[in-house]
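Numbers here are sequence positions counted from 1.
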Amino acid sequence: MEKAAIFRVDSSIDIGTGHVMRCLAFAEALKTKSINSHFICRDLPGNIHEAIKSRGFNVSLLPLLSPYKSVECSADYAGWLQVSQKQDAENFLNALHKLELLSTYIIIVDHYALDATWEIAVKNKNKSLLIVIDDLVRIHSADIIIDQTLGRHESEYRKKGLAKKILVGSDYALIRTLFYVKREQSFERQMNQKHNLLITLGGFDKKDTLSKIIRTIEKNPLDWIGDITILLNKNSPNFVSVTTKIKNHSLPINLLSFIDDMPTFMLNYSLAIGAPGTTTWERAALGIPAVLIPIAENQRDVADTYIKKNAGFVIFPEDISEKLLPSLYALKENYTKIKNINYTIADGLGLRRIIQEIWPEKSKNGLEISLHKATKKDITIVYEWQCQPGTRRYARNPLVPSFNSHKDWMKNKLADPMCYFYIIHHGDIPAGVIRLDRIDSFCYEVSIFIDEHQQHLGIAKLALKMVAALHAEIDIIATVLDGNIASQSLFKSLNYKKHGEEKFKLERRLNG
């Protein structure tokens with residue numbers, strides 16, 4: 001019997017398309033574990049079930065049991081469902097039973113109208129792994145909670161409910177891994193004299209914010225903006241009116257309703273105007289600064305943290321005519337700095353990190369090994385490891401650095417978009433560092449050291465294996481001094497080949 005993942009997710013004129021799109025990215029990533037995905041969705045007006053099918057996934061529809069009632073405000077999440085949580089759980093379990101998959105699946109729920117009430121009802125009848133995707137810090141009863149919100153803290157969920165594992169922050173952004181590949185290409189991007197501008201406010205733009213943007217640009221054209229492209233679902237209620245507005249003026253604005261290969265498409269743009277949804281992480285992975293325009297209540301947290309990170313600007317729909325053009329101009333004037341900040345927010349590897357957390361590697365004593373992006377809070381412990389005799393013995397520079405020079409060095413590394421700096425965790429305990437530094441296009445050098453108190457547990461080998469799986473599209477070079485026999489054996493055991501005097505090379509595992 002084949003393994004499967006079951007997604008409970010909806011799209012509609014009120015919900016939008018973002019929840020389905022990030023679940024599609026998740027489903028595609030699960031294929032690497034030979035897991036097929038099936039979607040269970042309620043048949044709501046404005047749904048994008050055909051887009052799910054076009055990606056090669058099956059959809060089971062839950063019927064709309066009464067005439068559709070549109071929600072009155074963006075925060076009326078209960079209204080999204082059109083039925084009670086109890087009714088939805090019963091419908092879901094019945095649909096599941098008809099699939100005859102028994103217990104060979106994972107259930108993944110992405111729905112603001114479903115919480116612990118629904119989860120408990122399903123878990124009482126089904127013992128599969130239950131994964132919840134959320135952005136609102138609600139009460140849950142699940143095995144794993146995923147919240148990709150920028151700046152989110154695990155403790156916020158620990159206070160709200162039960163979960164064996166909580167994965168939070170934009171390092172777990174649910175975007176297609178192809179964004180990681182295009183990110184690498186974006187480092188080579190040559191800037192034209194003019195910036196191309198991408199405008200996307202979600203699938204439907206129910207409040208017609210786009211019209212305000214078009215009027216503002218039309219009245220105040222910017223000669224340093226080249227092509228302008230608007231993405232809007234053709235089923236949006238304002239699609240025809242936006243089309244008419246574009247045709248009635250001479251600005252170079254393109255209107256597109258669907259792009260299948262978004263990573264490649266977005267690589268053509270250097271600035272953006274957008275809502276603070278999943279596209280925020282897609283833009284960040286490619287280093288595209290944006291003016292964010294929150295159009296729903298659930299987007300406020302991302303917008304607030306975006307400002308704190310100095311990653312771009314946030315304005316509200318009522319301020320478009322006054323603040324949009326000054327914000328775009330400020331992005332232009334501070335482009336390089338803001339671009340690099342965006343690169344540090346997301347990298348396109350969130351789904352691979354999630355998969356490694358679902359099926360973790362374990363050390364010789366049975367504890368899970370995990371990789372976490374280093375932060376400034378790790379500066380001191382990394383310095384302590386740098387000072388250990390075992391670390392210095394085979395370092396290129398055997399001298400212990402001063403703390404101040406180490407601090408400056410690490411801050412620079414953390415700010416460098418071409419450096420991937422991970423803290424290795426052994427269970428809940430920090431155990432060492434593994435780092436990738438870019439030396440050429442699609443080619444990085446790896447550095448690794450383990451806390452001397454946690455050696456001989458196979459941690460280094462597992463961390464190297466995990467980094468190779470995360471960064472499968474790049475070549476990885478290791479420099480190993482002649483006398484370091486143990487490290488030479490380690491890299492050879494992981495299929496690194498001798499590459500010069502003191503170099504070993506792991507060829508890319510997937511095409512970039």
Problem - Leu436 vs Val467, side chain to side chain contact (heavy atoms under 4.5 Å, CB included): CA-CA, chis, key distance, verdict - result: CA-CA 9 Å; Leu436 294 174; Val467 159; 3.7 Å; yes

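- Side-chain contact of Tyr112 with Asp135: a donor-acceptor pair under 3.5 Å is present, judged by distance alone.
- Between Asp223 and Lys194 no salt bridge is recorded (no basic side-chain N to carboxylate O distance below 4.0 Å).
- Of all heavy-atom pairs between Ser11 and Leu44, the closest is O-CB, 3.8 Å.
- For the pair Asn342 (side chain) and Ala311 (backbone), a donor-acceptor distance under 3.5 Å is present.
- Considering only heavy atoms from C-beta on, Phe313 stays 4.5 Å or farther from Leu292 through its side chain.
- For the pair Leu324/Ile315, a side-chain contact is recorded, criterion being any heavy-atom separation below 4.5 Å from C-beta on.
- Atom OG of Ser270 sits about 11.5 Å away from atom CG of Leu286, to the nearest 0.5 Å.
- Between Glu184 and Arg438 there is a salt bridge, with a side-chain nitrogen of the basic residue lying less than 4.0 Å from a carboxylate oxygen of the acidic one.
- Inter-residue side-chain proximity for Leu167 and Ile145 is flagged as unmet; no heavy-atom pair is nearer than 4.5 Å.
- Of the charged side-chain nitrogens involved, at least one lies within less than 4.0 Å of a carboxylate oxygen, so that Glu50 and Lys53 count as a salt-bridged pair.
- Ring pair His38/Tyr105: centre-to-centre distance not below 6.0 Å.
- Ion pair Arg353/Glu357 not flagged as a salt bridge, since none of the NZ, NE, NH1 or NH2 atoms sits closer than 4.0 Å to an Asp/Glu carboxylate oxygen.
- Inter-residue side-chain proximity for Ile144 and Lys164 is flagged as unmet; no heavy-atom pair is nearer than 4.5 Å.
- A salt bridge between Glu188 and Arg183 is absent, with no side-chain N of the basic residue lying under 4.0 Å from a carboxylate O of the acidic one.
- The aromatic rings of Tyr420 and Tyr422 lie parallel to each other, their planes meeting at an angle below 30°, with 60° marking the opposite boundary.
- A distance of 6.0 Å or more separates the ring centres of Tyr77 and His111.
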Problem - Stepwise side chain to side chain contact (heavy atoms under 4.5 Å, CB included) test for Ile40 and Ser60 - result: CA-CA 5 Å; Ile40 296 180; Ser60 293; 4.1 Å; yes

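- Nearest heavy-atom pair, Ala303 versus Val314, reported as atom, atom and distance to 0.1 Å: O-CG2, 3.6 Å.
- Taking the centre of each ring, His140 and Trp118 stay at or above the 6.0 Å mark.
- Atom CD1 of residue Ile338 and atom NZ of residue Lys309 lie 15.0 Å apart, to the nearest 0.5 angstrom.
- Using a 4.0 Å cut-off between charged nitrogen and carboxylate oxygen, Arg42 and Asp10 do not count as a salt-bridge pair.
- Between Phe7 and Phe57, the gap from one ring centroid to the other reaches at least 6.0 Å.
- In the model, Thr229 has a side-chain atom that pairs as donor or acceptor with a side-chain atom of Tyr269 under 3.5 Å.
- Counting only distance, with no hydrogens or angles, the side chain of Gln85 and the backbone of Asp115 share a donor-acceptor pair below 3.5 Å.
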Problem - Trace of the ring pair (Phe, Tyr, Trp, His ring centres under 6.0 Å) decision for His49 with Phe39 - result: CA-CA 9 Å; His49 301 157; Phe39 286 70; 9.6 Å; no

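- Contact detail for Leu271 and Trp224: the closest heavy-atom pair is CD1-CZ3, 3.6 Å.
- Atoms CD1 and CG, on Ile6 and Asn36 in that order, are 10.0 Å from each other to the nearest 0.5 Å.
- Separation of atoms CG (Leu231) and CG (Leu255) is listed at 8.5 Å; rounding is to 0.5 Å.
- One finds the CD atom of Gln356 at 12.0 Å from the CG atom of Leu351 (value rounded to the nearest 0.5 Å).
- For the residue pair Thr344 and Ala415, the shortest heavy atom distance occurs at CG2-O, 4.1 Å.
- Put simply, the side chain of Asn334 never gets that close to the backbone of Lys337: no donor and acceptor are under 3.5 Å apart.
- Taken from CD1 in Ile108 to CZ in Arg22, the straight-line distance is 12.0 Å, to the nearest 0.5 Å.
- Of the charged side-chain nitrogens involved, none lies within less than 4.0 Å of a carboxylate oxygen, so that Asp143 and Lys165 do not count as a salt-bridged pair.
- Using modelled atom types, one finds a donor on one side chain and an acceptor on the other under 3.5 Å when comparing Asp14 with Tyr68.
- Using modelled atom types and a 3.5 Å distance limit, the side chains of Gln148 and Thr278 yield a donor-acceptor pair.
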Exercise for the section: Give the C-alpha distance, both sets of side-chain angles, the deciding distance and a yes or no for side-chain hydrogen bond (donor to acceptor under 3.5 Å, both in side chains) between Ser241 and Asn238. Expected result: CA-CA 5 Å; Ser241 64; Asn238 62 330; 5.1 Å; no

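- Between Ala346 and Ser170, the shortest heavy-atom distance links the atoms CB-O, 4.1 Å.
- Within the 3.5 Å criterion, the main-chain N or O of Thr216 finds a donor-acceptor partner in the side chain of Asn220.
- Separation of the His195 and Tyr335 ring centroids falls under the 6.0 Å cut-off.
- In this structure, the ring of Phe179 has its center no less than 6.0 angstrom from the ring center of Trp281.
- For Arg158 and Glu154, the salt-bridge test passes: some basic side-chain N is under 4.0 Å from an acidic carboxylate O.
- Looking at Arg352 and Asp347, no side-chain N of the basic residue comes within less than 4.0 Å of a carboxylate O on the acidic one, giving no salt bridge.
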Handout entry: Stepwise side chain to side chain contact (heavy atoms under 4.5 Å, CB included) test for Lys234 and Ser236
Key = CA-CA 5 Å; Lys234 64 181 180 181; Ser236 175; over 6 Å; no

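- The two atoms that bring Ile106 and Ile131 nearest to each other are CG2-CD1, 3.7 Å, heavy atoms only.
- Between the side chains of Ser211 and Lys245, at least one donor N or O lies within less than 3.5 Å of an accepting N or O.
- Arg55 and Asp260 are joined by a salt bridge, as a carboxylate oxygen and a charged side-chain nitrogen come within less than 4.0 angstrom of each other.
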